[in-house]
Amino acid sequence: MTTDAHHVAREWLDRFAAAVTSGDAQQVADLFDAQECYWRDLIAMTWNLHTAEGRDAIAAMLGAVDPGSWPRDIAVTAAEVADGVTTVQFTFENDTFTGKGIARLREGGCWTFLTSAQELLEHREPRGRRRILGAEHGINVNADNWLDRRTKRLESFGLDEQPYVLIVGGGQGGISLASRLRRLGVPALVIDKHPRPGDQWRNRYHSLCLHDPVWYDHLPYLPFPDDWPVFSPKDKIGDWLESYVKIMELDYWSNTSATDAVFDEPTGTWRVTVEREGQERVLRPTHLVLATGMSGIPNMPDIPGADVFTGDLHHSSAHPGGERYRGKKAVVIGSNNSAHDICADLWENGADVTMLQRSTTHIVRSDSLMEHVLGPLYSEEAVEAGVDHDTADLIFASIPYRILPDFQRPAFDAIREQDQEFYDALEQAGFMLDFGADDSGLFLKYLRRGSGYYIDIGASDLVAKGEIKLVSPARVKELRARSVVLDDGTELEADLVVAATGYGSMNGWAAQLISQDVADAVGKCWGLGSDTPKDPGPWEGELRNMWKPTQVPNLWFMGGNLHQARHYSRYLSLQLKARLEGLDTPVYELAPSHHKE
């Protein structure tokens, strides 16, 4: 913490504290940059994930929430200055939460301001000196031991007791949320259709590894060991998730599918019918969380001639791996992450594989992504500099989505220059490249649409060298008995056709489980409303319907990658805990529904 940075931070925060004490919302707002300013709140004041943009919006937000929720007792924990901007990390409290925040100050005003809830003051997690004893000493102890109690509890749901929260989906999102809820004392049950936790990863194609580095992918409370590989193989991740469920003592039902869900208005609870290992049971949770990833139901195109094709035809989500296709001719429709991975897997297993590219794709080499984008926050160097993953999460979250492209663009400009030969080779092979609608790169594509990119771990070189054949641009006209016909008349022999054609919105799961009316009331999940391809406006300022209240009471969506599961599970768990405890949770600016699909 430099002396100059600390002085600037302390001077502005003293003025901020005085304005907060006055109770005058406009006085607080006037401390922000008049030309451009943002206040992002992660439930600490708004019981929502909300970004106020501009002084007027900040004043309106402060005027609408209880002044007791305004941040006070601010203590600076770090401050530094770079390029004329002083970045301040701080802690705070209000009437309900302890919190952490980050402010960026420039030219005497505040440019960006983050407030994030960390713990409920009256319901803190039982860690450290608050941990439970765990043993019962004396002569009148309960005859049941720990395992007996765990088994009885797990079997009691739907019979003797009900979960307050039912989480449908036992991948990283579901178990991250469940681990936080357990620490908070919120009765939560996770259900998943697979036989074992982690099967969501184990059942994917043979060669799959994470494209994100280990520092980015820790789960809550239990980080990976410090010798864990940088890029984790799928089966290793599957085993880790299964171990996590056991170690964190999560209530988790495998081999269980939710078949129907109806909200009962008089009781304020859901009636969810599940089938567990062939037996039907009815659960009555107060809150229902769909934790099925960031994607909805697979988009399987309706291709003329599919009924006459005699080879294998399936969506990428059902791809079993390339082993069985040695010596076969394979056609993969698509050119994003799954398409590249599946093409490489097929090639490695001796298949003759062709990729059909329908539209431009953003490619970034994994090493370059680490060096220029992830490395400053998620790397061994960052850890050695004192930036652990929780700190990194807050720093990344402190950048409002409106200006995130400006933060990302220089890094991807540097990547494009550094890897020019790599990109030239791809274009010479006929591959159609982009760097996002505004050259802002991978993360904005991910946040806006969840598709349209590939983190290269080797498949791009195969495309450039022609080992993976490429047709670009390509449009499938029809299938014949053993071939794919394109709209220009090209006919490709095929024993296998894989549709790596993406997924619908998460609200598709709500339509399937509950009703189309409920799905429509929620509206599209994911996306920012940036008015870029596949992310129609209006501008939202936050990801649609993720980790926050929706237009359907007591229905929540938990999705995203491992990093988002870790970070945003905190805020969803606090919202659910507050409701369990009967706290007042007035939601500021509940987002309207947009776009049914």
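Numbering starts at 1 and runs along the sequence shown. These numbers come from the heavy atoms of this one structure, side chains and all, not from hydrogens, waters or symmetry mates.
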- [ ] Scan side-chain atoms only and decide if Thr46 and Asp41 contain a donor-acceptor pair under the 3.5 Å cut-off.
- [x]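 Yes - a donor-acceptor pair under 3.5 Å links their side chains.
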Quick one: does NZ or CZ of [X] land under 6.0 Å from the six-membered ring centre of [Y], within 45 degrees of the ring axis?
X	Y	result
Arg180	Tyr571	no
Arg416	Phe435	yes
Lys236	Trp228	yes
Arg402	Trp539	yes

Do [X] and [Y] have their ring centres less than 6.0 Å from each other?
X	Y	result
Trp509	Tyr503	no
Phe16	Phe113	yes
His389	Tyr378	no

Do NZ/NE/NH1/NH2 and the carboxylate oxygens of [X] and [Y] come within less than 4.0 Å?
X	Y	answer
Glu249	Arg182	yes
Asp393	Lys100	no
Arg104	Asp33	no
Glu119	Lys577	no
Arg409	Asp413	no

Under 3.5 Å donor-acceptor, [X] side chain and [Y] backbone:
X	Y	value
Asn94	Ser69	yes
Arg183	Ser179	no
Arg566	Tyr216	yes
Asp535	Leu528	yes
Asn48	Pro549	no

I'd like to check [X] versus [Y] (side-chain heavy atoms, cut-off strictly below 4.5 Å). Are they in contact?
X	Y	answer
Thr96	Leu121	no
Cys110	Leu31	no
Leu374	Phe396	no

TODO: Enter the distance from Asp390:CG to His218:NE2 here, rounded to the nearest 0.5 Å.
DONE: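 So the gap between those two atoms works out to 9.0 Å.
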